[in-house]
Amino acid sequence: MPKGSGVLQRQAEERQNVFGAAQQPRTGIDGGATTRAGAKPWCPASKVPGFGESSGSHAMCGTCRVVLLAVAVIASCAALAGLVTTRLERMAAAVGVVGSALAAHGLAVTGPAAAAVLLVCTVAMMAVVLGAVAVIEVDARPRRRLQTWKLALLLPVVGVVAMVVLGGESLEGASLAASGRATAIAALTLGVAAVAVPLLVRRTQGGAPPEGGS
Amino acid sequence: MTSTVLGLCLVGVALAVLVLRRSLLASAVGVAQACLALAYVAAVQGRLDLAIAIGVAGVGIVIGLAGAAVAVHRRRGTDHVDELRELQG
């Protein structure tokens, strides 16, 4: 029997000890238990009235897990773009986001040990790469002013956070379908904003590309 | 499964960048992300020892690639200084 199944079985036994044998744990997309009652108090699902007691020290609701995986995938795409265009600072930052999201997800699925390993690896790798970038100054380009319209790209992120935090009431049950819908809406908003904002800015500037754009 | 495929794809992209653009640092970051994805998969499956091994191997590879990039940069700088001295006689 693989080692991972033993961990999951132990978590299921702990839930049964707390809630009795009548409540069966639901499994998420990664095979981990996604019972709403297993979330920590900081999880949005814990705001639902009648929320059960925490059965594990590192449990998290399915919505948070899906959001974390979505963050990891989006940041992976950003890192891939940075890899192809060799913009190393942005790429290193994106990889840092990927590592952090995976560490948080690993914390929810397996425990603090996995999160610690992922975080230590992320910090070690990024420290080495950023040190080398600082020595070589590969991307030493002229400083550019921060463009105000680029801040609009942060709006979808704000929307995702608001949807997760404020939408805790409607996420009762934390089903995978609700998590998927939330992630799909967030991704769609992100894509529309990323495409529409530069187009609008270029149109208002008479077709010329934004000054100092990346 | 998805993370495994993603990690392997990133390894391939890192190797392609290494061959095509000859950017050691870009390859180092690509390998770092691939190792993170693989370590995550190992950790989720409960193989913490395997995750640690993958992480340590990734850190070693990244240190090697970054060190090589710095060495190449300094060698180019030394060559450039030698050329300037030759021009000055």
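Just so we're clear, the structure is a prediction, and the values are computed from it rather than from any experiment.
Contact tally against chain A (heavy-atom pairs below 4.5 Å) for B/I52, B/V56, B/L36: the top residue is B/L36.
Pairing each heavy atom of B/C35 with each of A/M125, the nearest pair is CB-CE, 3.8 Å. The two residues B/G55 and A/C121 have their closest heavy-atom pair at CA-SG, 3.3 Å.
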